Number of protein chains: 2
Amino acid sequence: MTQGGDADIATIGALVADPGRCRILLALGDGRALPAARLAAEAGVSAATASSHLGRLTNAGLLAVEAHGRHRYYRLAGPAVARLIEALQQLAPTTPIRSLRQDTRAQALRSARTCYDHLAGHLGVELMSAMIDRGDLTGGDGTFDPSHAQQDKRTGYGHDVDYTLTESGTSFVASFGLRVPAHRRLIRYCVDWSEQRHHLAGALGRSLLDRFTETDWIRRSDTSRAVHVTETGQKGLHETFGITLGR
Amino acid sequence: MTQGGDADIATIGALVADPGRCRILLALGDGRALPAARLAAEAGVSAATASSHLGRLTNAGLLAVEAHGRHRYYRLAGPAVARLIEALQQLAPTTPIRSLRQDTRAQALRSARTCYDHLAGHLGVELMSAMIDRGDLTGGDGTFDPSHAQQDKRTGYGHDVDYTLTESGTSFVASFGLRVPAHRRLIRYCVDWSEQRHHLAGALGRSLLDRFTETDWIRRSDTSRAVHVTETGQKGLHETFGITLGR
DNA sequence: TCCACGCTTCGATGGAGGTCGAAGCGATCC
DNA sequence: GGATCGCTTCGACCTCCATCGAAGCGTGGA
């Protein structure tokens with residue numbers, strides 16, 4: 001009588017029943033995307049074992065994978081996975097002493113981080129959303145569309161079929177002092193891990209990150225991918241994009 | 001290097017890796033306390049197997065157990081366990097169709113329910129807190145103290161060492177029309193599952209539940225332990241105890 | 001005091017899956 | 001285009017644990 005979907009949570013539970021898999025999930029817990037070899041090292045297992053783990057986790061929808069050259073980058077598939085990890089940590093026998101530090105670090109990454117060469121996290125998606133609101137970009141509503149994520153799972157990037165730069169966007173690029181590399185596709189997007197919405201990638205995304213760094217709106221961390229927004233940056237982001245970051 | 005507390009979440013994960021154990025946790029998911037035999041039936045396993053599961057879950061701190069006569073009642077040890085179950089359900093492949101109904105049912109139980117013969121849930125803890133504020137009870141601040149929960153894990157009940165009825169409390173008992181059984185300890189408390197705070201048990205707790213039912217402030221469900229607060233009850237609770245229930 | 005009942009412990013059985021080396025498969029570099 | 005690198009697949013081994021019957025242990029009732 002209690003068959004079917006009822007105890008299927010046990011199949012998810014089985015995935016977090018192995019120390020190696022848990023170490024993989026913890027390594028990805030802050031939203032980074034890491035290659036398989038790195039995760040094998042983190043888990044302390046051979047490449048073969050790690051591959052088996054990664055396959056099962058991906059198959060179950062806990063991880064997403066992007067192929068970049070001959071590397072395969074794995075990341076958490078969504079915030080629900082992070083919630084699961086947090087719930088497990090809360091119940092773990094020895095409450096990790098560095099949980100606070102770990103938490104603030106993860107918090108910082110969720111708030112604003114770099115994703116390769118562009119901005120991600122809350123700041124990243126707010127920025128893209130603001131540019132759409134301003135009329136600089138058009139073609140999407142900035143919300144998450146799973147069907148696109150599905151299409152682009154292989155590369156991890158979205159194309160510019162959905163988003164295009166408007167005329168006012170072009171003039172903004174000039175007035176804001178963006179130096180946009182010509183040899184790259186102008187607009188790409190990523191599905192943001194922590195927000196489940198798009199953030200801006202491509203040449204435009206990169207030039208924005210560069211310009212923000214130049215004008216000291218943001219400062220990048222040496223040790224992690226977290227991004228700190230300066231007071232100047234908070235003011236500027238509010239005036240230019242209407243973005244107010246929560247504390 | 002990644003030893004110690006790090007991968008201990010896998011030991012928790014292992015507990016939710018078994019369908020039988022998951023069915024047990026799901027059966028307890030709304031905060032009820034059920035005897036071992038009932039849980040064996042819910043899980044679809046023998047008493048021996050269920051006992052093994054219950055032992056492991058209790059040992060790991062996911063379940064709490066109260067001995068009543070020759071029965072042993074198991075319940076979730078705290079809200080963190082419920083959060084874990086919810087996180088798992090969210091990731092489960094087939095999102096259960098009755099999740100909405102199940103959720104509202106759990107919601108109702110969290111809001112107000114009976115616990116044996118007295119009130120628990122949000123209403124239960126608010127009631128006890130209000131009586132302390134009014135000066136009817138004294139000796140505790142109504143917040144959760146883990147050290148007491150530890151002491152009382154064996155019985156599941158707290159003693160009256162912390163809480164005593166004041167003079168004004170005595171007159172309230174009379175004026176409110178409470179008929180307090182003489183042969184029972186007047187004041188006990190339980191650590192509320194969903195609130196992690198104390199709610200009122202003992203003879204006083206029971207007589208309050210009886211009186212509320214008499215005056216039609218609340219109506220008890222036939223099928224579950226959920227409690228419905230009538231309009232009269234909402235008004236009365238507000239006027240007498242200063243309690244305003246959310247929506 | 002003896003029996004019935006609820007639950008736990010013990011011991012034996014069987015299946016699921018974590019592990020790694022070796023081989024296979026693309027992609028990249030020189 | 002051959003060598004190297006990153007990753008996956010395959011096959012074999014072995015440990016862990018879910019399961020149940022039977023026995024043991026309190027509690028409650030007659």
Side-chain angles (χ1 to χ4, degrees), chain A residues 2-3 6-25 27-28 33-60 62-75 153-156, chain B residues 2-3 7-28 33-60 62-75 153-156:
Chain A
T2 47
Q3 310 291 16
D6 241 21
D8 285 352
I9 66 170
T11 64
I12 302 296
L15 293 174
V16 288
D18 179 76
R21 276 196 296 266
C22 282
R23 280 192 287 265
I24 287 175
L25 290 172
L28 299 172
L34 296 176
R38 170 70 185 278
L39 292 170
E42 292 276 352
V45 295
S46 73
T49 303
S51 182
S52 162
H53 288 327
L54 292 169
R56 291 188 59 180
L57 289 170
T58 307
N59 215 34
L62 296 195
L63 296 186
V65 57
E66 320 173 4
H68 275 70
R70 56 183 167 187
H71 300 262
R72 302 192 72 191
Y73 287 86
Y74 290 88
R75 59 177 170 82
K153 221 165 197 172
R154 237 169 40 86
T155 65
Chain B
T2 46
Q3 309 290 18
D8 285 351
I9 67 171
T11 63
I12 302 297
L15 293 173
V16 289
D18 179 75
R21 275 196 295 266
C22 282
R23 280 193 286 265
I24 288 175
L25 289 172
L26 287 171
L28 299 172
L34 297 175
R38 169 71 186 278
L39 292 171
E42 292 277 351
V45 294
S46 72
T49 303
S51 182
S52 163
H53 288 326
L54 292 169
R56 292 188 58 181
L57 289 170
T58 307
N59 215 33
L62 295 191
L63 296 185
V65 57
E66 319 173 4
H68 275 70
R70 55 182 167 187
H71 300 264
R72 302 192 71 191
Y73 287 85
Y74 289 89
R75 59 178 169 82
K153 219 164 198 173
R154 237 167 42 85
T155 64

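Note on naming: letters A, B, ... go to the chains in the order of the sequence lines (proteins, then strands), and numbering restarts at 1 for each one. Computed from a predicted model, the values in this text were never measured in an experiment.
When the local axes at the two ends of the helix from C:dT1-D:dA30 to C:dC30-D:dG1 are compared, using 5 base pairs at each end, they differ in direction by 30° after rounding to 10°.
For the pair B:L25 and B:L15, the minimum side-chain heavy-atom distance is 4.5 Å or more. Side chains of A:I12 and A:V16 form no contact here, defined as non-hydrogen atoms less than 4.5 Å apart.
In terms of the salt bridge (charged side-chain N to carboxylate O under 4.0 Å, His left out) criterion, residue partners of A:R38 (sequence neighbours excluded) are, by chain and number, A:E42. The side chain to side chain donor-acceptor pair (under 3.5 Å) test applied to A:T49 returns A:S46, not counting sequence neighbours. In terms of the side-chain contact (heavy atoms from CB on, under 4.5 Å) criterion, residue partners of A:A14 (sequence neighbours excluded) are, by chain and number, B:A17.
Applying the 4.0 Å criterion to OP1 and OP2 of C:dT8, one finds that B:R72 has a side-chain N or O inside that range. Between D:dG6 and A:Y74, no contact under 4.0 Å exists linking OP1 or OP2 to a side-chain N or O.
Protein atom CG of A:L15 is 12 Å distant from nucleotide atom C1' of C:dG17, rounded to whole Å. Atom pair B:L54:CG and C:dT9:P shows a separation of 11 Å (rounding to whole Å applied). The separation between B:L39 atom CG and C:dC7 atom C1' is 12 Å, rounded to whole Å. Atom CG in B:L63 sits about 11 Å away from atom P in C:dT8, given to the nearest Å. Counting to the nearest Å, the P atom of C:dT8 and the OH atom of B:Y73 are 13 Å from each other. If you take CD of A:E66 and C1' of D:dC7, they are 16 Å apart, rounded to a whole angstrom.
Once rounded to the nearest 0.5 Å, the distance linking OH of A:Y74 with OG1 of A:T58 reads 5.0 Å. Atom NE2 of A:H53 sits about 6.0 Å away from atom CD1 of A:I24, to the nearest 0.5 Å. Here B:L26 contributes atom CG and A:I9 contributes atom CD1; the two are 4.0 Å apart, rounded to the nearest 0.5 Å. In this structure, CG in A:L63 is found 8.0 Å from CG in A:L39, a value given to the nearest 0.5 Å. To the nearest 0.5 Å, atoms CZ (B:R72) and CG (B:L34) are separated by 14.5 Å.
Between A:A47 and A:A40, the shortest heavy-atom contact is CA-CB, 4.3 Å.
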Checklist entry - How does each nucleotide of nucleotides 11-23 of chain D score, in 5' to 3' order, for protein heavy atoms under 4.0 Å: base (B), sugar-phosphate only (S), or none (-)? => result ------SSSBBB-
Using a cutoff of under 3.5 Å, can you pull out all pairs of nitrogen or oxygen atoms linking the protein to nucleotides 25-30 of chain C, with atom names and distances?
none

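Residue B:A47 is classed as a base contact, given a heavy-atom separation below 4.0 Å to a base.
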